[in-house]
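Data first, discussion second: the structure below is written as structure tokens.
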Amino acid sequence: MKTAIVIPARYGSARFPGKPLHPVLGVSMLERVWRIATSIDNAAEVLVATEDRRIVDFAESFGARAVMTSESCANGTERTAEALKVAGVSAEIIVNLQGDALLTPPWVLDAMIDDMRGDPGADIVTPAVRLDERALEEFLEMKEMTPASGTSVVFDNRRRALYFSKRVIPFIRKTGHATVHRHIGLYAFRAESLDRYVRLPQTPLEITEGLEQLRALEHGMTIKVAVVDYRGRSHGSVDSPEDVAFVERLIAREGELVEPRRA
């Protein structure tokens with residue numbers, strides 16, 4: 001099953017204009033994410049999707065394939081779908097790897113693709129991390145400071161998602177049974193499922209929680225949860241300029257996921 005990874009990289013971010021071009025320890029975020037995507041054997045095609053010619057030119061300068069998409073794309077999923085059509089790329093599995101997800105271990109992408117290949121009934125695959133006691137305490141502390149940060153997910157015995165929420169779910173009334181899993185906002189789609197998703201109207205729960213994956217659940221699509229292990233590495237992304245220093249400290253402490261080419 002041919003797999004394509006699309007990296008939506010929007011220049012016109014309200015919180016962080018030009019974010020994909022911003023350097024992190026001397027290497028742009030976009031190049032870091034591209035090198036993660038191209039480091040795995042499971043992907044036959046890696047494509048950068050943007051609404052700005054500056055990002056196309058920059059991506060091509062370090063060897064990436066990039067295409068222009070319209071400014072009207074509402075989110076990275078819509079931009080991913082449009083980019084495939086613009087580039088004329090055909091693949092059975094499409095991974096949406098956001099351009100600020102520079103701390104994503106390559107083995108997380110492999111796990112998503114493996115789950116998609118192994119479960120013909122899955123429309124979408126998305127990863128989650130099981131929180132141990134310490135990680136759960138940190139997650140709850142973060143939620144007290146910024147309630148809308150972080151998403152949790154619950155799923156059935158086949159790892160089919162039941163619900164995603166900005167609340168911490170499940171509520172632990174009795175310990176020793178269920179655990180909390182933090183959702184990682186990456187998605188692998190079957191080609192026909194991506195085409196269907198972008199045509200679906202928004203849904204009440206999606207709008208209420210601000211979580212685009214709830215649209216798929218409310219319309220009866222199947223989301224498989226790939227439970228992944230970060231192997232001691234930290235999860236994170238860059239949402240604002242203030243996040244850059246934090247991410248740089250993590251990389252300095254934990255090392256490079258994929259050694260980038262430096263000028």
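Residue indices begin at 1 and follow the sequence shown. Here the structure is a predicted model, which is why all the values come from computation and not from measurement.
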Between [X] (side chain only) and [Y] (backbone N and O only), is there a donor and an acceptor less than 3.5 Å apart?
| X | Y | result |
| --- | --- | --- |
| Arg190 | Ile94 | no |
| Glu206 | Thr203 | yes |
| Thr146 | Met142 | yes |
| Arg182 | Ala128 | no |
| Thr126 | Leu186 | yes |
| Lys143 | Gly150 | yes |
| Ser193 | Phe189 | no |
| Arg159 | Phe155 | no |

Exercise. Decide if atom CD of Glu60 counts as having more than 12 heavy atoms of other residues, nucleotides or ligands within a radius under 6.0 Å.
Key: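 Counting neighbours around CD of Glu60, more than 12 heavy atoms of other residues, nucleotides or ligands fall under 6.0 Å, so yes.
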
Exercise. Please lay out, stage by stage, how Ile251 and Glu256 fare under the test side-chain contact (heavy atoms from CB on, under 4.5 Å).
Key: CA-CA 6 Å; Ile251 295 172; Glu256 297 282 1; 3.8 Å; yes

Practice problem: Determine, step by step, whether Val95 and Met112 satisfy the side-chain contact (heavy atoms from CB on, under 4.5 Å) criterion, reporting the C-alpha distance in whole Å, the side-chain angles of both residues, the deciding distance to 0.1 Å, and the verdict. | Solution: CA-CA 8 Å; Val95 177; Met112 295 167 63; 4.3 Å; yes

Quiz item: Hey, does Leu200 have a side-chain heavy atom less than 4.5 Å from the side chain of Glu218?
Solution: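 When only atoms from C-beta onward are counted, Leu200 and Glu218 do not touch, as no gap falls below 4.5 Å.
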
Any chance the side chains of [X] and [Y] put a donor and an acceptor closer than 3.5 Å?
| X | Y | result |
| --- | --- | --- |
| Thr69 | Arg79 | yes |
| Gln213 | Tyr197 | no |
| His181 | Ser152 | no |
| Arg117 | Asn42 | yes |
| Thr3 | Glu92 | no |

Quiz item: Atom CG in Asp239, atom OG in Ser13: separation rounded to 0.5 Å?
Solution: 8.5 Å

Quiz prompt | Phe58 and Phe62 aromatic ring geometry - parallel, tilted or perpendicular at 30°/60° bounds | solution = perpendicular

Can you get from [X] to [Y] by hopping between Ile, Leu, Val, Met, Phe, Trp and Tyr side chains that sit under 4.5 Å apart?
| X | Y | result |
| --- | --- | --- |
| Val129 | Ile113 | yes |
| Leu84 | Ile124 | yes |
| Val228 | Tyr187 | no |
| Trp34 | Val89 | no |
| Val154 | Leu140 | no |

Quiz item: Would Lys224 and Asp119 count as a salt bridge (Lys or Arg N to Asp or Glu O under 4.0 Å) if you check the C-alpha gap in whole Å, the side-chain angles of each, and the deciding distance to 0.1 Å?
Solution: CA-CA 8 Å; Lys224 180 74 170 280; Asp119 188 345; 3.0 Å; yes

Quiz item: Can Glu31 and Arg35 be counted as an ion pair, charged N to O under 4.0 angstrom?
Solution: yes

Quiz item: Ion pair present between Arg231 and Asp229, side-chain N to carboxylate O less than 4.0 angstrom?
Solution: no

Practice problem: Show your reasoning for whether side-chain contact (heavy atoms from CB on, under 4.5 Å) applies to Lys2 and Ser90. | Solution: CA-CA 8 Å; Lys2 182 180 176 181; Ser90 177; 5.6 Å; no

Exercise. Show the numbers, then the answer: is there a side-chain contact (heavy atoms from CB on, under 4.5 Å) between Glu248 and Val244?
Key: CA-CA 6 Å; Glu248 287 182 328; Val244 173; 3.9 Å; yes

Practice problem: Have a look at Asp100 and tell me which of Arg15, Lys19, Arg10 forms a salt bridge (Lys or Arg N to Asp or Glu O under 4.0 Å) with it. | Solution: Lys19

Quiz item: Does Arg54 make a cation-pi contact with Tyr11, if we ask for NZ or CZ under 6.0 Å from the ring centre and within 45° of the axis?
Solution: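 Flagged: Arg54 positioned over aromatic ring of Tyr11.
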
Quiz item: After noting the C-alpha distance and the side-chain angles of Ser70 and Glu82, does the key distance pass the side chain to side chain donor-acceptor pair (under 3.5 Å) rule?
Solution: CA-CA 8 Å; Ser70 64; Glu82 183 177 317; 3.0 Å; yes

